Amino acid sequence: MGWPNAHATGQAVPVIDLGLPEELVATHIREACTGSGFFYVTNHGVPQSLVDDTFQQQRQLFQLPMSEKMAMLQNENNRGYTPFREETLDPVHQTHGDTKEGFYFGREVAADSEESKKPLHGPNQWPDPQRMPHYREVTWQYYEALYGLGMRLLRLLALSLGLPGGYFAPMFDRPMVTLRPLHYSGEVSDPGAGVFGAGAHTDYGMLTILATDDTPGLQIWTGPDVASRSASNISNANSGGGSWGEREGAGAGEEGAATAGGRWRDVEPIAGAFIINLGDMLERWTNGRYRSTLHRVINTSGRERYSIAFFFEPNFDAEVAVLPVCCGPDDPPRYPPTTAGQHLLDKYAATHAGYHGPVKKGQEK
Ligand SMILES: O=C(O)CCC(=O)C(=O)O
Ligand SMILES: [Fe+2]
């Protein structure tokens, strides 16, 4: 199997039917992953009624009084509430934090378990069951359904790389899965003035399964140099004023127009489909062949927007090192090995004002 020469090819966000034969799906996934790094999936097996019920529960959760949400504030295990403007995904280009609030829920890890001694592991913070009697049950059902879909995509990704279908599975037997309901305020974004629903960023992990309501807002950066601005280079862009920021300036006021060889492209909601995108860890594993694409959320309508992100990340200790099938004498590894846990800890600390890193047994202040 060959690799495309230039990342400028295949910028579309394809719709992939998971009901087709597995080999064909793997081929479609490979094309999408070397193209825009984003694709939709249909025929995914998650009942629409469950998706609808889950959205309904999230709307109610965000409607709780602020004091109740603040009582569940994000903790050192990255579980809990993140208020409006608390997160700044793109510190160089934002004048204030994202115009969204959110909750993080992870895999449920008992407080007295051995595993809870690891950073980013612990019990969830659930809303009061008397206030929200169905919240936990419905949200957990959704979590489990998306976990199943994540495992299926993991297999398809392995096949798409010419690896055995079970290749990644051992690195996902204690995964750092994070469900993140998001609520964007009605504040209209102003990219030229540094106001965004969610600032431009790449996702940190393996893959993201996103459900949105019918309000548009998600955009991906497509351009010939998109790969060079994602993943590891985003931190360079942040500290050094990345070239894409200059393009943003050039494009201000003409959103969506081509600017200096690249453009922001809308990823419109498609009813019944999930949006899948790849994160930095998969980009590292594949030596940049699969792309962790820069994306952002802008509000052009003045309407509130709800989405639910499901971040499917490897075990804390999983080593993320370039795969032998993705490098060779002419193409040596471009990324040093890291671990999934360290990568996530660094990213959370860099973007969340309220996240101060792990405090584990023996380290309490
Ligand atoms: O809300 C969305 O459409 C995207 C959210 C997102 O990119 C993220 O949470 O990483
Ligand atoms: Fe994202």
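Small disclaimer: the values here were computed from a predicted structure and weren't measured. Along the sequence shown, the residues carry numbers beginning at 1. Note: hydrogens, waters and symmetry copies are ignored here, and every other heavy atom, side chains too, is used. Start at 1 and go down the list; that is how both ligands and their atoms are numbered.
With the Fe ion (ligand 2) as vertex, Asp203 OD1 and His295 NE2 subtend 90°, rounded to 10°.
Considering backbone and side-chain N/O of Tyr184, one or more are found under 3.5 Å from N/O of ligand 1. The shortest N or O to N or O distance between Arg180 and ligand 1 is not below 3.5 Å.
Using modelled atom types, one side-chain atom of Arg334 and one backbone atom of Asn287 make a donor-acceptor pair closer than 3.5 Å.
Closest heavy-atom approach to atom 6 (C) of ligand 1 within the set His201, Arg296, Glu87: this belongs to His201.
The side chain to side chain contact (heavy atoms under 4.5 Å, CB included) test with Asn124 is passed by exactly one of Arg107, Arg136, Arg79: Arg79.
Within a 6.0 Å sphere centred on NE2 of His96, other residues, nucleotides and ligands contribute more than 12 heavy atoms. More than 12 heavy-atom neighbours from other residues, nucleotides or ligands sit within 6.0 angstrom of CD on Gln48.
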CA sep, side-chain torsions, deciding dist, call: Lys100, Glu87, salt bridge (charged side-chain N to carboxylate O under 4.0 Å, His left out): CA-CA 8 Å; Lys100 71 176 194 303; Glu87 183 176 18; 2.8 Å; yes
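Nearest protein heavy-atom neighbour of atom 3 (O) of ligand 1: Arg305 NH2, 2.8 Å.
With ligand atoms numbered from 1 in the order given, ligand 1 contributes 1 (O), 2 (C), 3 (O), 4 (C) to contacts under 4.0 Å with heavy atoms of Val297. Taking a cut-off of under 4.0 Å to the non-hydrogen atoms of Phe311, the atoms of ligand 1 that pass are 8 (C), 9 (O), 10 (O). Proximity to Ser307 (heavy-atom distance under 4.0 Å) selects the following atoms of ligand 1: 1 (O), 2 (C). The contact set between ligand 1 and His295, taken as ligand atoms under 4.0 Å from a residue heavy atom, comprises 7 (O). The ligand atoms of ligand 1 that sit less than 4.0 angstrom from a heavy atom of Asp203 are 10 (O).
Under the 3.5 Å distance criterion, with hydrogens and angles disregarded, a donor-acceptor pair is assigned to the side chains of Glu108 and Trp126. Checked by atom type, the side-chain pair Thr215/Tyr184 shows no donor-acceptor distance below 3.5 Å.
Between Glu22 and Arg155, some side-chain heavy-atom pair lies under the 4.5 Å cut-off.
At a heavy-atom distance under 4.0 Å, only side-chain atoms of Leu210, from C-beta outward, approach ligand 1. Contacts with ligand 1 closer than 4.0 Å are made by no heavy atom of Thr208, backbone or side chain.
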